[in-house]
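Okay, structure first, notes after.
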Amino acid sequence: MPRDCAGSDLLLAIEATARGYAIMPLDVPADMAVNGAPGLPRPPQADLLTAREREVLRLLAEGASNKEIARRLGISFHTAKFHVASVAAKLDATGRTDAVAQAVRLGLIML
């Protein structure tokens, strides 16, 4: 018997919650999706990155360059480059885009 769309969405939400992922609407700001909404459980991998690395990841997800990351966070270009490399290494990613993709798979950010 086919399930209706609302029932299917509810089942997916229940399964994701059981795995430790917080379910957020698509209109949630990027910083809330990365850092978690107040009162919602954070994903199990949330402590994988430092607070600064989570900020860098949020900016990576927005498509910011290292220069843009440095400017927006008030850090040097070289420090931004270091943080991007650190995020990629911790997520076992091959680059910036892969780091964002891995973060989405791990439930660290939602796009």
Side-chain angles (χ1 to χ4, degrees):
M1 174 185 294
R3 294 182 290 195
D4 66 351
C5 186
S8 177
D9 290 344
L10 178 61
L11 181 60
L12 290 173
I14 291 169
E15 289 173 351
T17 302
R19 290 188 175 98
Y21 295 102
I23 306 303
M24 293 185 207
L26 293 175
D27 60 349
V28 171
D31 62 335
M32 190 175 283
V34 172
N35 298 320
L40 290 178
R42 291 175 52 164
Q45 299 85 354
D47 295 328
L48 180 65
L49 303 175
T50 66
R52 178 60 92 182
E53 289 168 341
R54 289 192 305 270
E55 289 176 309
V56 169
L57 178 59
R58 176 181 56 86
L59 294 171
L60 283 175
E62 292 177 8
S65 66
N66 288 350
K67 190 174 186 177
E68 175 84 7
I69 291 169
R71 188 179 58 74
R72 289 177 62 183
L73 296 180
I75 58 179
S76 76
F77 170 80
H78 295 290
T79 301
K81 187 175 175 180
F82 173 82
H83 284 310
V84 169
S86 179
V87 167
K90 286 184 177 182
L91 296 178
D92 196 29
T94 58
R96 305 165 74 85
T97 304
D98 190 36
V100 173
Q102 294 289 359
V104 169
R105 282 188 209 108
L106 291 171
L108 296 174
I109 58 173
M110 297 184 74
L111 301 178

Table please: side-chain donor-acceptor pairs of residues 84-92 below 3.5 Å, with sequence neighbours left out.
{"from": "S86", "atom 1": "OG", "to": "E53", "atom 2": "OE2", "distance (Å)": "2.6"}
{"from": "K90", "atom 1": "NZ", "to": "E53", "atom 2": "OE1", "distance (Å)": "2.8"}
{"from": "K90", "atom 1": "NZ", "to": "E53", "atom 2": "OE2", "distance (Å)": "3.3"}

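- For the atom pair NZ (K81) and CD1 (I75), the distance works out to 13.5 Å, reported to the nearest 0.5 Å.
- Distance check, rounded to the nearest 0.5 Å: CG of L59 to CZ of R72 gives 4.5 Å.
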If you look only at distance, which donor and acceptor atoms sit under 3.5 Å apart when one is on a side chain in residues 93-100 and the other is two or more places apart or in another chain?
{"from": "T94", "atom 1": "OG1", "to": "D98", "atom 2": "OD2", "distance (Å)": "3.4"}
{"from": "R96", "atom 1": "NH1", "to": "N66", "atom 2": "OD1", "distance (Å)": "2.6"}
{"from": "R96", "atom 1": "NH2", "to": "A64", "atom 2": "O", "distance (Å)": "2.5"}
{"from": "D98", "atom 1": "OD2", "to": "T94", "atom 2": "N", "distance (Å)": "2.9"}

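- Every residue two or more places apart in sequence or in another chain that forms a side chain to side chain contact (heavy atoms under 4.5 Å, CB included) with R71 is listed here: E68.
- The distance from the CZ atom of R58 to the CG atom of L73 is 7.0 Å, given to the nearest 0.5 Å.
- Under a cut-off of 6.0 angstrom, the local environment of CZ in F77 is crowded, with over 12 non-hydrogen atoms contributed by other residues, nucleotides or ligands.
- Between the CD1 atom in I109 and the CG atom in L57 there is a gap of 4.5 Å [rounded to 0.5 Å].
- Taking hydrophobic clusters as Ile, Leu, Val, Met, Phe, Trp and Tyr residues chained together by side-chain heavy-atom distances below 4.5 Å, L106 shares a cluster with V104.
- Taking the side-chain hydrogen bond (donor to acceptor under 3.5 Å, both in side chains) definition, one finds that S65 meets it with nothing, sequence neighbours left out.
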